[in-house]
Structures are given as structure tokens and as C-alpha cells.
Amino acid sequence: MTAKIAYDDVEVGTELPPQTFGVTRATLVQYAGASGDFNPIHWNEKFAVEVGLPDVIAHGMFTMAEAIRVVTDWVGDPGALVEYGVRFTKPVVVPNDDKGATIEVGAKVAAKLDDKTVRVDLTATSEDQKVLGMARAVVRLA
């Protein structure tokens, strides 16, 4: 696969289509099974509260993975991702109800770099709280 977005067609400030991702307790259990991360703060409410959390929280790497989908969906090729990093600023709290939590993600092209690459800055929030800081990706375009 190759990127479906052409480098010459992108300008600094180009906004990527925002996305909202739902997270339920079932989602966390599925992610725990796939990742092997069975830390009880991600599925056991009693334990999470005992260690000082408000409730069960989503895995940081899960939150990070959901956020980058905005970029890989836009570029059309996950293999175009050259670099990606974030800081975890707040946890995504996932209540034990039918709704769960949501992660809202937006992104825009912040810089055009060499070799047909661009830096994309992401914003990720949950319950109006910034959950990822310094979220940046570099992708190679067509």
C-alpha cells in the first residue's frame, strides 16, 4: 500500500477529519486480551479506586492507538506512519454503564518536511479533558 494523499496537495494547517471513538469496559477486556496487559486498573473498579483512581481507566497504549487512527485513516496506509509519540496527560475514565467513555480526536498538518513527509499534530480529549499531550506523527505521503 501507499499513501493516498499527495504531498503537493497538502498545506500546513490542513485539518484531518475528526473522529470519536467509544470505549466500554468490554473494549478494555478485549484490548487486555490482545495486548497481554491485565493490570487490574483497566478492569477492576474496586482495585482502581483503592489505588486512587476515580474508576477503571483505559490503557494508555489503547488511547494512543485509537488517536493515530485519525492519521492512518486520512493517509490511507498505516505503513506510511514514520514516527509517532505522545505524552499521557490524563486517563480516560471508563464508567461501568452502557455508554462507557468517548475519545475525541482531531489533527492537522503542522509542518511539511523533507522526503514527502509531514508532521501532524493531534488533539485527544475525553470528558473535555486533554488525555494526550505532545501528540505528533510524521507520515510519508505520495
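Along the sequence shown, the residues carry numbers beginning at 1.
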Trainee: For Asp115, check side-chain hydrogen bond (donor to acceptor under 3.5 Å, both in side chains) against everything at least two apart and list the hits.
Mentor: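 Per chain and number, Asp115 pairs via side-chain hydrogen bond (donor to acceptor under 3.5 Å, both in side chains) with Arg140.
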Trainee: Does some side-chain heavy atom of Asn44 sit less than 4.5 Å from a side-chain heavy atom of Val56?
Mentor: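 When only atoms from C-beta onward are counted, Asn44 and Val56 do not touch, as no gap falls below 4.5 Å.
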Trainee: Check whether the side chains of Glu104 and Thr20 place a donor and an acceptor atom closer than 3.5 Å, and report yes or no.
Mentor: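 Result is no, nothing qualifies.
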Trainee: Might you work through the side-chain contact (heavy atoms from CB on, under 4.5 Å) test for Glu127 and Val93, ending with a clear yes or no?
Mentor: CA-CA 9 Å; Glu127 297 294 318; Val93 178; over 6 Å; no
Trainee: Rounded to the nearest 0.5 Å, how far apart are NZ of Lys4 and CH2 of Trp74?
Mentor: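 If I round to the nearest 0.5 Å, the distance is 13.5 Å.
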Trainee: Report yes if the side chains of Val71 and Val139 come closer than 4.5 Å at any heavy-atom pair, otherwise no.
Mentor: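 Val71 reaches Val139 side chain to side chain.
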Trainee: If the plane angle is over 60° it's perpendicular, under 30° parallel, otherwise tilted; pick one for Phe62 and Tyr31.
Mentor: perpendicular
Trainee: Please check if the side chain of Thr125 supplies one atom and the backbone of Asp128 the other of a donor-acceptor pair under 3.5 Å.
Mentor: no
Trainee: Going by distance alone, is a donor N or O of one side chain under 3.5 Å from an acceptor N or O of the other, for Asn96 and Glu45?
Mentor: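 Distance-only check fails for Asn96 and Glu45.
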Trainee: Determine whether a donor-acceptor pair (N or O, by modelled atom type, separation under 3.5 Å) exists between the side chain of Asp114 and the backbone of Lys116.
Mentor: no
Trainee: To the nearest 0.5 angstrom, please state how far the CZ atom of Arg69 sits from the CZ atom of Phe21.
Mentor: 4.5 Å
Trainee: Donor-acceptor pair, Arg119 side chain versus Val109 backbone, under 3.5 Å?
Mentor: no
Trainee: Passes side-chain contact (heavy atoms from CB on, under 4.5 Å), Val23 versus Leu28? Steps please.
Mentor: CA-CA 7 Å; Val23 187; Leu28 299 181; 3.7 Å; yes
Trainee: Can you name the closest pair of heavy atoms from Tyr84 and Met64 and give their distance?
Mentor: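 Nearest heavy atoms, Tyr84 then Met64: OH-O, 2.8 Å.
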Trainee: Quick one: does any side-chain atom of Thr89 pair with a main-chain N or O of Lys130 as donor and acceptor, under 3.5 Å?
Mentor: yes
Trainee: Considering only NZ, NE, NH1 and NH2 on the basic side and carboxylate oxygens on the acidic side, decide whether Lys46 and Asp55 come within less than 4.0 Å.
Mentor: no
Trainee: I need the minimum non-hydrogen distance between Ala142 and Ala3, along with the two atoms involved.
Mentor: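 So the minimum-distance heavy-atom pair works out to CB-O, 3.4 Å.
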Trainee: For residues Ala124 and Val105, report the shortest heavy-atom separation together with the two atoms involved.
Mentor: CB-CG2, 4.3 Å
Trainee: Is there a donor-acceptor pair under 3.5 Å between the side chain of Lys112 and the backbone N or O of Val10?
Mentor: yes
Trainee: Determine, step by step, whether Ile57 and Val92 satisfy the side-chain contact (heavy atoms from CB on, under 4.5 Å) criterion, reporting the C-alpha distance in whole Å, the side-chain angles of both residues, the deciding distance to 0.1 Å, and the verdict.
Mentor: CA-CA 5 Å; Ile57 63 170; Val92 175; over 6 Å; no
Trainee: What pair of heavy atoms forms the shortest contact from Ala58 to Thr63, and how long is it?
Mentor: CB-OG1, 4.0 Å
Trainee: Just how far is it from atom OG1 of Thr72 to atom CG of Leu81, taken to the nearest 0.5 Å?
Mentor: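 Taking OG1 in Thr72 and CG in Leu81, the distance rounds to 7.5 Å.
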Trainee: For the side chain of Trp43 and the backbone of Phe38, is there at least one donor-acceptor N/O pair under 3.5 Å apart?
Mentor: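 Flag set: sc Trp43 to bb Phe38 pair under 3.5 Å.
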Trainee: In chain order, what residues pass the side-chain contact (heavy atoms from CB on, under 4.5 Å) check against Ala107, with sequence neighbours excluded?
Mentor: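 By the side-chain contact (heavy atoms from CB on, under 4.5 Å) rule, Ala107 matches Leu16, Val70, Val120, Leu122.
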Trainee: Does Glu50, at its CD atom, have more than 12 non-hydrogen atoms belonging to other residues, nucleotides or ligands within less than 6.0 Å?
Mentor: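 Result for CD/Glu50: enclosed.
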Trainee: What do the steps show when you test Leu113 against Val118 for side-chain contact (heavy atoms from CB on, under 4.5 Å), and what is the final call?
Mentor: CA-CA 5 Å; Leu113 309 172; Val118 297; 5.8 Å; no
